[in-house]
Each structure stands twice: as C-alpha cells, then as structure tokens.
Amino acid sequence: KGVHFPQIGRVVSNAQLTHHGLSWHGVHRTETPANTHAMWRDIAATDSPRIVITSEYLHSSIAASNGPAFFKEIARILTPHDVRIVFYLRRQSQWLQSAYAQWVKVNLLSKPFPDFVRDFNKNPVDQVFLFAGIFGAENMIVRPYERGQFDGGNIQRDFCAAIGIDWDDAFVLPEGNPNPRLTGDALELKRQMNSLAESPDELRAIQRDLQAYSDHVNQDSRSTFVAHAMLDPAEAQRIETENAPKYARIARDLLGRVDGVLFRDPLPEALSGSAASQAPVSTDQVQLYMLMQMHQRLERLRRRIGKLNN
C-alpha cells in the first residue's frame with residue numbers, strides 16, 4: 001500500500017509493534033535526547049512516500065516539562081516532510097479510569113483511584129493543543145474514541161482512513177481484544193498486591209489468573225468499548241464540565257464542526273449522576289477463585305510427583 005513502518009525505534013511490547021524508542025520518555029528513554037534525535041534523523045532520511053510512527057508514549061512525552069522543546073526539535077528534523085498527527089481522544093472521565101486500570105493491571109501502581117485522580121495532571125485533551133501548537137492545527141487529525149464515529153465502526157478501518165489507506169479485506173486483524181480489562185474486584189486485588197512486589201514480573205502468574213477470573217465472571221471483559229464506573233458521579237460531572245470548553249474548541253477548530261460537538265455518545269448512566277454505587281469493592285469472590293487455582297495446581301503437582309515416585 002506504499003506505507004513504511006520503520007524498524008528504527010521500534011519496540012515489541014505486549015505483542016504489539018510500537019515506536020516507544022522514539023519518544024525519549026519512560027522505560028524506553030535513551031541516555032540523551034540527542035540519541036533519540038539521531039533516530040528521528042534516520043527516519044527523516046527514509047525515501048518512502050508515507051511513513052507511520054505509532055506510540056502511546058508520544059502523547060505522554062509532550063506533557064513532560066521538556067516535552068514541547070523535544071517535539072519542536074522533532075518538527076525541525078522532519079521539516080522536509082508533510083507531518084500529520086493522528087490523536088485518538090476519549091472523554092477525560094473515561095480516559096482517567098482506563099489509564100488507571102491499565103497501569104494497575106500491568107505495572108505496580110498501588111495508589112487508590114481517588115488519589116490517582118487527585119494527583120494526575122497530564123490531560124490528553126491539553127496535549128492535543130500542545131501538538132497543534134508545534135505541528136500546526138491544520139495537521140491535527142483528532143479522532144473521538146466512539147464506535148459510532150469510527151469509519152466502518154472499528155478502529156482498524158478508522159486508522160486506515162485517517163492516514164489515507166483504502167481498506168482491504170485481505171488485511172489480517174487480531175481476534176478479540178488484545179488488551180482485555182480486569183473486573184473491579186480483580187483490579188482492586190491486583191492494586192493491593194502491587195504494593196508487595198518488587199517488579200511486575202513477580203505477579204505475572206497472578207495476572208493470568210486474575211484475567212481468567214475476569215473473563216469467567218464478565219463476558220464484557222474483552223469488549224473494546226467499555227464504560228468504566230470507578231468515578232464518583234459528581235467527580236465525573238466535574239471533570240466533564242471542566243473539559244467541555246476544550247472539547248468544543250477541538251471540535252470547532254480542529255474538526256471543523258460548527259456545532260462544537262466532539263463526543264456524540266451521552267455519558268454512561270453510571271457516570272451521569274443518575275445512578276452509581278461507591279461502596280468499597282469486595283475482593284472475597286476473586287480471592288476464593290485464586291485460592292482454588294492454587295489448590296488445583298498443587299493437586300496436579302502432587303499427582304505428578306506420585307507418578308514419578310511410582
């Protein structure tokens with residue numbers, strides 16, 4: 001299709017192909033920004049007519065204190081190229097919950113959710129404006145993360161449309177959701193256990209059991225579009241009200257929507273203030289499941305040892 005996906009800066013993470021090494025941020029950060037700039041210069045020298053760079057670390061890095069300066073240099077390096085920024089954006093109240101669930105699941109975040117919301121200060125909505133200020137508002141392709149707004153109803157077709165590729169039914173897509181979520185009680189137990197481990201690897205087997213439990217008790221655990229319900233309704237309303245003018249500005253200035261509507265789906269009922277429960281999450285059921293898994297493994301091990309002794 002005439003599109004180049006560079007090996008430069010590429011990282012194989014969670015079976016996904018991403019360019020985290022180009023972000024100069026997080027665990028994939030090089031020793032100095034000059035090292036990362038060198039990789040970008042190699043990409044700029046590529047003669048492919050269309051190049052795709054993808055990494056969630058890019059939006060995180062622009063929010064760092066040195067992020068704008070870093071990306072101004074990247075923009076300078078890419079000056080000969082026609083650069084477009086594709087930015088998928090959720091409602092902020094939903095993004096906070098999704099990010100928290102992801103970081104508790106795969107990392108060692110042990111902070112309770114209310115503390116996470118209170119302390120978090122890197123709003124993706126604001127990052128859209130940072131990118132627009134550096135690369136130009138006319139070069140921003142903002143895609144609201146709603147099924148009804150996706151081309152063809154799925155994100156794969158939508159991304160192809162965003163970068164100007166005609167969809168081909170021969171494209172091979174992953175089956176199901178490669179990033180399933182944990183149920184609320186499994187997530188809470190993982191959060192508590194994170195404080196006891198020194199690395200995520202120590203909890204890998206536990207993570208597998210927690211995911212198996214979540215899949216067993218909730219058939220929506222692998223759904224791509226999930227409405228989280230961790231936020232207090234009043235807090236969700238406060239976050240959405242605070243971001244409403246920014247949503248409208250993005251819709252009007254970057255998407256050309258005169259009505260100023262960015263997200264067309266209403267807030268989930270559980271987050272709109274009409275219904276919600278903020279009772280403490282009980283982990284009794286998931287703990288019983290984990291104990292049963294341990295018991296079954298011990299029994300299998302006992303039988304194998306018995307066979308070996310015989």
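Residues Asp185 and Ser282 form no side-chain contact, since every pair of their non-hydrogen atoms from C-beta on lies 4.5 Å or further apart. The closest side-chain heavy-atom distance from Arg181 to Gln102 is not below 4.5 Å. Side-chain contact between Arg191 and Phe113: absent, with no pair of heavy atoms (C-beta onward) separated by less than 4.5 Å. In this structure, Asp42 and Thr46 have side chains that are not in contact, with every pair of non-hydrogen atoms separated by 4.5 Å or more. Proximity of Leu96 to Ile239: side-chain heavy atoms (C-beta onward) are separated by under 4.5 Å at one or more points. For the pair Lys105 and Gln207, the minimum side-chain heavy-atom distance is below 4.5 Å. Using a 4.5 Å heavy-atom cutoff, the side chains of Asp265 and Arg147 are not in contact. No side-chain heavy atom of Leu182 sits less than 4.5 Å from a side-chain heavy atom of Val104.
The closest donor-acceptor contact from the side chain of Asn194 to the backbone of Ser110 lies at 3.5 Å or more, if one exists at all. No side-chain donor-acceptor contact under 3.5 Å links Glu73 to the backbone of Ala34. A donor-acceptor pair is defined here as one N or O able to donate and one able to accept, closer than 3.5 Å; no such pair exists between the side chain of Asn107 and the backbone of Leu109. In terms of modelled atom types and a separation under 3.5 Å, the side chain of Thr18 and the main chain of Val11 share a donor-acceptor contact. Looking only at distances, no side-chain donor or acceptor of Asn243 sits under 3.5 Å from a matching main-chain atom of Lys246. In this structure, Asn35 contributes its side chain and Thr32 its backbone to a donor-acceptor pair below 3.5 Å. Between the side chain of Arg264 and the backbone N or O of Glu146 there is no donor-acceptor pair closer than 3.5 Å.
Pairing each heavy atom of Val86 with each of Ala162, the nearest pair is CG1-CB, 4.2 Å. Of all heavy-atom pairs spanning Val52 and Phe5, the tightest one is O-CD1, 3.7 Å. Nearest heavy atoms, Ala44 versus Leu78: CB-CD2, 3.9 Å. Of all heavy-atom pairs spanning Pro144 and Gln149, the tightest one is CG-OE1, 3.4 Å. In plain terms, the two heavy atoms of Ile250 and Phe129 that are nearest each other are CG1-CZ, 3.5 Å. The two residues Ser48 and His4 come nearest to each other via the heavy atoms OG-CB, 3.3 Å.
Glu299 CD: more than 12 foreign heavy atoms inside a 6.0 Å radius. No more than 12 heavy atoms of other residues, nucleotides or ligands sit less than 6.0 Å from atom CD of Glu198. Annotation for Gln293: atom CD counts as buried by contact number, over 12 foreign heavy atoms lying within 6.0 Å. For Lys72, the NZ atom is loosely surrounded, since the number of other residues' heavy atoms within 6.0 Å does not exceed 12. At most 12 non-hydrogen atoms from other residues, nucleotides or ligands lie less than 6.0 angstrom from NZ of Lys307.
With His37 as the partner, the ring pair (Phe, Tyr, Trp, His ring centres under 6.0 Å) test is satisfied by one option alone out of Phe70, Trp24, Phe71: Phe70.
Under the 30°/60° scheme for interplanar angles, the aromatic rings of Tyr88 and Phe159 are found to be tilted. Tyr100 and Phe116 have tilted rings, their planes meeting at an angle from 30° to 60° on a 0 to 90° scale.
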task = Take Ile85 and Asn139, measure what side chain to side chain contact (heavy atoms under 4.5 Å, CB included) needs, and give me the verdict at the end.
result = CA-CA 6 Å; Ile85 307 294; Asn139 295 318; 5.6 Å; no
query = Do Arg84 and Ile163 pass the side chain to side chain contact (heavy atoms under 4.5 Å, CB included) test, and can you show the C-alpha distance, the side-chain angles, and the key distance before you say yes or no?
reply = CA-CA 8 Å; Arg84 297 286 188 272; Ile163 63 174; over 6 Å; no
query = Could you walk me through whether Leu189 and Met290 pass the side chain to side chain contact (heavy atoms under 4.5 Å, CB included) check?
reply = CA-CA 10 Å; Leu189 184 60; Met290 300 292 282; 4.2 Å; yes
task = Apply side chain to side chain contact (heavy atoms under 4.5 Å, CB included) to the pair Gln285 and Tyr213, showing each step before the final yes or no.
result = CA-CA 10 Å; Gln285 184 176 346; Tyr213 165 82; 3.5 Å; yes
query = Please walk me through it: do Thr283 and Glu188 pass side chain to side chain donor-acceptor pair (under 3.5 Å)?
reply = CA-CA 7 Å; Thr283 60; Glu188 174 58 19; over 6 Å; no
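Once rounded to the nearest 0.5 Å, the distance linking CD1 of Ile43 with CD1 of Ile77 reads 10.0 Å. Remark: Lys1 NZ to Cys160 SG distance equals 9.0 Å, nearest 0.5 Å. His19 contributes atom NE2, which lies 4.5 Å from atom CD1 of Ile53 (distance to the nearest 0.5 angstrom). Put simply, NE2 on His295 and CG on Leu288 are 13.0 Å apart, with the number rounded to the nearest 0.5 Å. Here the CZ atom belonging to Phe135 is positioned 7.5 Å from the CD1 atom belonging to Ile74, to the nearest 0.5 angstrom. The structure places OG of Ser23 at 9.5 Å from CZ of Arg29, a figure rounded to the nearest 0.5 Å.
Residues Phe263 and Val128 share a hydrophobic cluster, clusters being chains of Ile/Leu/Val/Met/Phe/Trp/Tyr side chains in contact below 4.5 Å. Note on Leu255: it clusters hydrophobically with Met140, by side-chain heavy-atom contacts below 4.5 Å among ILVMFWY residues. By the rule that hydrophobic residues join a cluster once side-chain heavy atoms approach within less than 4.5 Å of another member, Ile155 and Leu262 end up as members of separate clusters. Residues Met193 and Met292 do not share a hydrophobic cluster, defined by chaining ILVMFWY side chains whose heavy atoms lie under 4.5 Å apart. Taking hydrophobic clusters as Ile, Leu, Val, Met, Phe, Trp and Tyr residues chained together by side-chain heavy-atom distances below 4.5 Å, Leu108 shares a cluster with Trp103.
The six-membered or imidazole ring of Tyr145 lies near that of Phe150, with a centre-to-centre distance under 6.0 Å.
Side-chain polar atoms of Ser199 and Asp201 form no donor-acceptor pair below 3.5 angstrom. Between the side chains of Tyr247 and Glu240, at least one donor-acceptor pair of N or O atoms lies under 3.5 Å.
Alongside Val258, the hydrophobic cluster contains no other residue (criterion: ILVMFWY side chains under 4.5 Å).
Arg238 pairs by the side-chain hydrogen bond (donor to acceptor under 3.5 Å, both in side chains) definition with Glu235, Glu242, not counting sequence neighbours.
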With a cut-off of 3.5 Å and sequence neighbours excluded, list every side-chain donor-acceptor pair involving residues 59-67.
residue : atom : partner : partner atom : Å
His59   : ND1  : Gln127  : OE1          : 2.5
Ser61   : OG   : Tyr57   : O            : 3.1
Ser61   : OG   : Leu58   : O            : 2.9

